[in-house]
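Just so you know, these numbers come straight off a predicted model, no measurement behind them.
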Amino acid sequence: MDTQLKKGVLDLCVLKILEKKDCYGYELVQSISKNVQISEGTLYPILRRLEKEGCLEKYFQESKEGPSRKYYGLTRKGKQKSKELNQEWKEFTKKVNEILK
Amino acid sequence: MNKKEFLEKLERNLKGLSKEDTKEILDDYKEHFKVGLKKKRKESEIVESLGNPKEIALETKKELMGDKENFDFPSSIMRFFFDIGRVSKKAWKKIKGDVSHAQKKFKDRKNRNYRRWKIFGLVSLNILVMIWILIAFYAVVFSLIVVGFSLILSGLAAIAFSIFILSNNPGFLMKNFSLSGVFAGISVTCLGFLWTIGSFYSGKGLSWLVKKYMQSTKRWTRK
């Protein structure tokens with residue numbers, strides 16, 4: 001798969017999941033790697049980049065089972081980016097589907 | 001591979017990233033292990049599903065490099081030599097490929113020759129000229145910093161010496177003389193500080209130039 005494309009798609013997945021609810025890293029990684037064929041390790045670099053771009057914010061919260069965990073949430077910029085990527089994805093798949101017809 | 005080995009290998013391969021990024025990334029994986037173990041997964045199983053730490057490190061660098069803050073002095077020099085190595089390897093392959101290619105085809109010869117010589121020229125330019133220019137530049141920056149330090153030191157020495165004379169109850173002329181010595185010492189020290197700061201910044205600017213040069217080298221050879 002084209003890395004540029006894959007990167008955009010994974011960004012979209014991360015942003016979309018966080019749009020529904022804030023997650024901690026492990027949870028997020030699990031829910032993506034469950035559906036998409038990638039090794040779990042590749043997602044943390046993406047999270048870090050998105051955080052640095054200002055799309056995500058991190059905060060610590062107590063968990064029911066033991067020590068506090070690092071949670072990720074969307075910023076306004078993240079929501080904006082999610083919308084843009086979603087739009088791009090729709091257009092892209094539409095075009096591909098037309099070819100596949 | 002266990003958790004410790006995984007984290008060590010990851011850290012080793014993350015070299016070149018800023019300290020902050022390295023710490024954040026390592027913390028993320030440590031937490032991943034912690035949560036995974038709590039969910040009763042085996043350590044080896046978690047390591048397996050995370051993937052190869054070397055590849056993760058490479059991926060991380062790809063994601064996070066290009067940031068200015070990730071550019072620091074020693075690693076830039078390392079990368080410079082690494083780039084030279086890579087470019088020369090590429091160029092060598094290219095030259096070899098071109099030679100065997102040229103035996104088969106004669107079309108477009110001019111163009112290929114041009115590219116071959118461009119790459120070859122760049123590589124030799126890098127190795128023969130750039131290294132020496134770089135060394136010379138860094139030597140200049142280094143000596144500038146040394147000058148700054150010696151200005152600071154001599155200023156401090158002048159202050160100390162003048163105060164020493166003042167404390168020995170000198171005559172009228174000597175007193176005025178050493179008083180002005182104190183002020184001269186203070187100004188020389190300040191100048192030294194400014195000089196040192198300036199030299200550091202010129203060093204930074206220089207490494208920026210090197211970075212730009214390296215980027216353009218890469219771009220030229222890729223085409």
Side-chain angles (χ1 to χ4, degrees), chain A residues 1-15 18 22-73 81 85, chain B residues 1-3 5-71:
Chain A
M1 205 175 182
D2 176 29
T3 45
Q4 202 63 36
L5 181 64
K6 192 168 120 191
K7 205 165 121 182
V9 173
L10 286 176
D11 282 14
L12 179 61
C13 292
V14 168
L15 293 172
L18 289 178
D22 291 2
C23 292
Y24 55 93
Y26 187 88
E27 206 181 355
L28 196 63
V29 168
Q30 288 300 322
S31 49
I32 292 179
S33 64
K34 201 169 60 192
N35 297 315
V36 186
Q37 260 288 316
I38 48 158
S39 54
E40 294 174 11
T42 36
L43 276 164
Y44 286 107
I46 294 171
L47 288 177
R48 177 77 184 136
R49 175 174 49 78
L50 284 171
E51 188 199 342
K52 278 179 104 176
E53 283 172 7
C55 295
L56 304 183
E57 59 188 354
K58 232 167 25 188
Y59 59 93
F60 284 91
Q61 200 179 47
E62 297 288 321
S63 67
K64 283 161 240 158
E65 42 211 281
S68 59
R69 278 178 190 163
K70 209 153 65 173
Y71 273 78
Y72 291 91
K81 181 153 186 180
L85 283 178
Chain B
M1 193 161 42
N2 59 24
K3 172 185 160 184
E5 284 167 330
F6 177 91
L7 289 172
E8 276 170 5
K9 203 168 175 191
L10 183 64
E11 188 172 2
R12 228 179 307 131
N13 284 290
L14 281 175
K15 249 176 213 151
L17 277 184
S18 70
K19 267 194 191 128
E20 199 204 335
D21 277 338
T22 311
K23 193 187 165 295
E24 285 285 338
I25 289 286
L26 284 174
D27 278 353
D28 277 340
Y29 288 100
K30 276 178 202 157
E31 192 172 306
H32 186 93
F33 274 110
K34 218 159 59 188
V35 179
L37 288 173
K38 201 147 248 165
K39 305 233 177 212
K40 300 276 185 287
R41 280 174 86 188
K42 272 193 208 133
E43 201 175 289
S44 57
E45 192 191 321
I46 300 173
V47 170
E48 183 121 341
S49 59
L50 276 175
N52 186 350
K54 217 169 168 178
E55 264 164 44
I56 291 172
L58 208 72
E59 206 58 43
T60 310
K61 282 183 180 169
K62 260 194 237 159
E63 294 282 352
L64 301 177
M65 284 290 186
D67 284 25
K68 265 190 196 148
E69 57 180 289
N70 275 320
F71 184 69

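- Under the 4.5 Å side-chain criterion, counting only non-hydrogen atoms from C-beta, E24(B) is in contact with K70(A).
- Using bins of under 30°, 30° to 60° and over 60° for the plane-to-plane angle, the ring pair Y44(A)/H32(B) lands in the perpendicular bin.
- Not counting sequence neighbours, the partners of E51(A) by the salt bridge (charged side-chain N to carboxylate O under 4.0 Å, His left out) test are R48(A), K58(A).
- Here the closest heavy-atom approach between residue I25(B) and residue P45(A) is recorded as CD1-CA, 4.1 Å.
- Here K3(B) pairs with nothing under the salt bridge (charged side-chain N to carboxylate O under 4.0 Å, His left out) rule; sequence neighbours left out.
- Here the CD-CD1 distance, from E59(B) to I46(A), works out to 7.0 Å after rounding to the nearest 0.5 Å.
- Between T42(A) atom OG1 and K62(B) atom NZ the span is 11.0 Å, to the nearest 0.5 Å.
- Counting heavy-atom neighbours within 6.0 Å of E5(B) CD, excluding the residue itself, gives a total above 12.
- For chain A, the nearby part of E31(B) is the side chain; its heavy atoms alone come within less than 4.5 Å.
- Distance check: K38(B) NZ to R69(A) CZ gives 7.0 Å after rounding to the nearest 0.5 Å.
- Heavy atoms only, all atoms of each residue included: G51(B) and S39(A) are closest at CA-CB, 4.1 Å.
- Taken to the nearest 0.5 Å, the CG atom of L43(A) stands 10.0 Å off from the CG atom of L50(B).
- To the nearest 0.5 Å, atom CD1 of residue I46(B) and atom OH of residue Y26(A) are 5.5 Å apart.
- Closest approach of K52(A) and L64(B) over heavy atoms only: CD-CD2, 4.0 Å.
- Between chain A and the options D28(B), D27(B), I56(B), N52(B), the largest number of non-hydrogen pairs under 4.5 Å is found for D28(B).
- V35(B) is not listed as a side-chain neighbour of E27(A), based on a closest heavy-atom distance of 4.5 Å or more.
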